[in-house]
2 protein chains.
Amino acid sequence: MVFSKSFGYALRGLLYVAMINETSPRVQLDEISKKLAVPRYFLGKVMKKLVKGGVLKSKKGPYGGFYIHEKTLSTTLLQLTAITGDTIMYGSCVLRFRKCNAENPCPLHRQVEFLKNEWQNVLASTNIGDLLKKNHPDFLKSIAVI
Amino acid sequence: MVFSKSFGYALRGLLYVAMINETSPRVQLDEISKKLAVPRYFLGKVMKKLVKGGVLKSKKGPYGGFYIHEKTLSTTLLQLTAITGDTIMYGSCVLRFRKCNAENPCPLHRQVEFLKNEWQNVLASTNIGDLLKKNHPDFLKSIAVI
DNA sequence: CGGATAAAAGACAGGTTTGTCTTTTTATAA
DNA sequence: TTATAAAAAGACAAACCTGTCTTTTATCCG
Ligand code: FES
Ligand code: FES
């Protein structure tokens with residue numbers, strides 16, 4: 001009932017880059033992993049997925065690093081789950097029955113239907129820009145602490 | 001965002017035993033695993049956890065098997081998550097921060113606080129007996145279908 | 001008691017996720 | 001062009017979850 005570690009790293013990494021990019025054009029993996037207290041090489045892989053997923057940019061070499069582009073701030077949490085491979089349960093049963101449907105519902109179906117929709121809604125309607133704004137100004141503290 | 005397989009097996013196993021025990025004093029693992037179409041030996045381990053967790057009883061040997069006791073029907077889904085080791089997020093952060101608290105919230109805290117409480121509520125207020133009642137009479141179908 | 005039955009326990013294997021380290025590729029500046 | 005810096009890519013290991021099989025332990029019945 002919790003996101004994967006990868007998702008957490010991805011979100012926090014993305015937020016950190018977005019925050020830094022308000023004042024600096026690039027951030028390096030080294031800095032990100034230290035500030036977030038996240039395993040460096042693993043974070044590298046997650047960030048790579050973000051770049052490949054089209055929600056972040058990167059540049060190799062000197063003066064390189066990660067930086068945002070147009071789409072970054074409008075990236076929703078739902079898109080992020082797709083990128084990090086988190087199984088999200090819209091259309092799938094919380095009990096892992098073959099599929100979630102009202103005709104042949106699992107014993108939990110009624111109880112969780114509403115919550116699933118609401119949850120789905122939050123993920124689809126919240127984007128990186130929203131989180132960045134809402135959590136200012138002690139925002140760094142909120143993503144840096146494990 | 002979904003329960004573990006173990007949790008699903010545990011719940012369905014528990015429900016099956018509870019259902020059968022309305023007419024028969026014991027059920028064997030063999031029958032349960034076949035009816036639920038669940039891997040037999042793995043289910044055995046899950047059932048063992050239920051017994052150790054004090055929400056089910058078992059007896060070895062001839063005429064043995066699994067059966068319910070007083071506490072079985074009042075077992076909540078929240079208790080089940082504890083038994084199967086599912087990380088549930090009440091008091092813990094969806095992003096896996098050390099702990100979820102309002103003073104130093106993660107970037108998602110605000111957005112998910114309400115949903116977490118609601119979800120928690122469903123799990124804590126739903127017990128095996130409830131599910132058994134609500135899903136009668138085509139209840140077997142609902143738990144047997146994978 | 002002795003044989004049969006069923007859960008409990010233990011050993012092991014495959015897959016996925018997470019984590020670490022090394023090598024390769026790309027870009028920059030001098 | 002060369003040295004350097006940084007991400008990308010690849011190889012590998014540890015931990016966890018799931019699944020299978022074998023051995024042990026408890027119980028019942030004759
Ligand atoms: S059938 Fe299980 S949640 Fe809908
Ligand atoms: S601190 Fe993350 S959900 Fe509360």
Side-chain angles (χ1 to χ4, degrees), chain A residues 1-10 12-14 16-17 20 24-34 36-69 81 83-87 95-96 146, chain B residues 1-10 12-14 16-17 20 24-34 36-69 81 83-87 95-96 146:
Chain A
M1 303 315 311
V2 151
F3 290 112
S4 69
K5 286 194 173 187
S6 290
F7 179 91
Y9 294 162
R12 290 160 67 200
L14 208 45
Y16 188 80
V17 174
I20 291 298
S24 166
R26 303 265 196 290
V27 209
Q28 284 82 44
L29 186 57
D30 232 49
E31 172 177 334
I32 306 173
S33 67
K34 271 174 193 155
L36 301 184
V38 154
R40 197 208 127 115
Y41 298 106
F42 191 73
L43 178 63
K45 294 188 175 175
V46 173
M47 299 299 282
K48 184 175 59 178
K49 282 187 190 171
L50 293 175
V51 172
K52 291 213 166 180
V55 301
L56 189 65
K57 283 196 172 179
S58 67
K59 187 161 273 185
K60 292 182 177 179
Y63 300 83
F66 295 93
Y67 58 105
I68 68 174
H69 64 167
T81 63
I83 290 174
T84 59
D86 277 51
T87 33
L95 293 188
R96 312 262 202 139
I146 286 188
Chain B
M1 302 315 309
V2 150
F3 289 114
S4 69
K5 285 196 175 186
S6 291
F7 179 92
Y9 294 161
R12 290 159 67 198
L14 208 45
Y16 188 80
V17 173
I20 291 297
S24 167
R26 303 264 197 291
V27 210
Q28 285 81 43
L29 187 57
D30 233 51
E31 172 177 334
I32 307 173
S33 66
K34 272 174 191 152
L36 300 185
V38 155
R40 197 210 128 116
Y41 297 106
F42 191 73
L43 179 62
K45 294 188 174 176
V46 173
M47 300 299 280
K48 185 177 56 176
K49 282 187 191 172
L50 293 175
V51 172
K52 292 212 164 180
V55 302
L56 189 65
K57 283 195 171 179
S58 67
K59 189 162 272 188
K60 293 178 176 182
Y63 301 85
F66 295 92
Y67 58 104
I68 69 175
H69 65 169
T81 62
I83 291 174
T84 59
D86 277 50
T87 34
L95 291 189
R96 314 258 204 137
I146 289 189

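The structure displayed is predicted, hence computed values, not measured ones. So you know, we letter chains A, B, ... as the sequences are listed, proteins then strands, and number each from 1.
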N/O (side chain, A/Lys59) to phosphate O (OP1/OP2, C/dT28) under 4.0 Å: yes
Would you mind reading off the distance between B/Leu36 atom CG and D/dG19 atom P, rounded to a whole angstrom? 13 Å
Please determine whether a side-chain nitrogen or oxygen atom of A/Ser6 lies at a distance below 4.0 Å from atom OP1 or OP2 of C/dT18. yes
Under-4.0 Å side-chain N/O to phosphate OP1/OP2 contact, B/Lys45 with C/dA7: no
Between A/Phe7 and B/Phe66, whichever has its closest DNA chain C nucleotide further toward 5' is B/Phe66
When every non-hydrogen atom of B/Asp86 is compared with those of B/Ser4, the smallest separation belongs to OD1-OG, 2.7 Å
Hey, does the side chain of A/Tyr9 come within less than 4.0 Å of C/dT18's phosphate (OP1/OP2), counting only N and O? no
Knowing that exactly one of A/Ile20, A/Leu14, A/Val17 qualifies, which makes a side chain to side chain contact (heavy atoms under 4.5 Å, CB included) with A/Ile32? A/Val17
Measure the distance from NZ on A/Lys5 to C1' on C/dT16 and round it to the nearest whole Å. 14 Å
Using a heavy-atom cut-off of under 4.0 Å over every strand shown, decide if B/Tyr63 touches base, sugar-phosphate, or nothing. sugar-phosphate
To the nearest angstrom, the NZ-C1' distance between B/Lys60 and D/dT23 comes to 12 Å
Using whole Å, what does the distance between atom P of nucleotide C/dT5 and atom CD of B/Glu31 come to? 17 Å
If each of A/Arg40 and B/Gly64 is mapped to the nucleotide of DNA chain C with the nearest heavy atom, which maps nearer the 5' terminus, i.e. the 5' end? B/Gly64
Send over the distance from B/Gln28 CD to C/dA8 P, rounded to a whole Å. 12 Å
Separation of atom NZ in A/Lys34 from atom P in D/dA6, rounded to whole Å: 11 Å
Is there a side-chain contact between A/Ser58 and the phosphate of D/dA8, meaning an N or O under 4.0 Å from OP1 or OP2? yes
Hey, could you give me the OH/CG distance between B/Tyr9 and B/Leu36, rounded to the nearest 0.5 Å? 10.0 Å
Are OP1 or OP2 of D/dA9 and a side-chain N or O of A/Lys52 less than 4.0 angstrom apart? yes
Any idea which heavy atoms bring A/Val55 and A/His69 closest together, and the distance? C-NE2, 3.7 Å
Assign each of B/Tyr41 and A/Gly44 the nucleotide of DNA chain D bearing its closest heavy atom; nearer the 5' end lies the nucleotide of A/Gly44
A/Phe3 CZ - C/dT18 P separation (whole Å): 13 Å
Side chains of A/Lys57 and A/Val51: closer than 4.5 Å at any heavy-atom pair? no
Using atom CG of A/Asp30 as one end and atom C1' of D/dA5 as the other, report the distance to the nearest whole Å. 11 Å
Pick base, sugar-phosphate or nothing for B/Lys49, based on heavy-atom distances below 4.0 Å to the nucleic acid. nothing
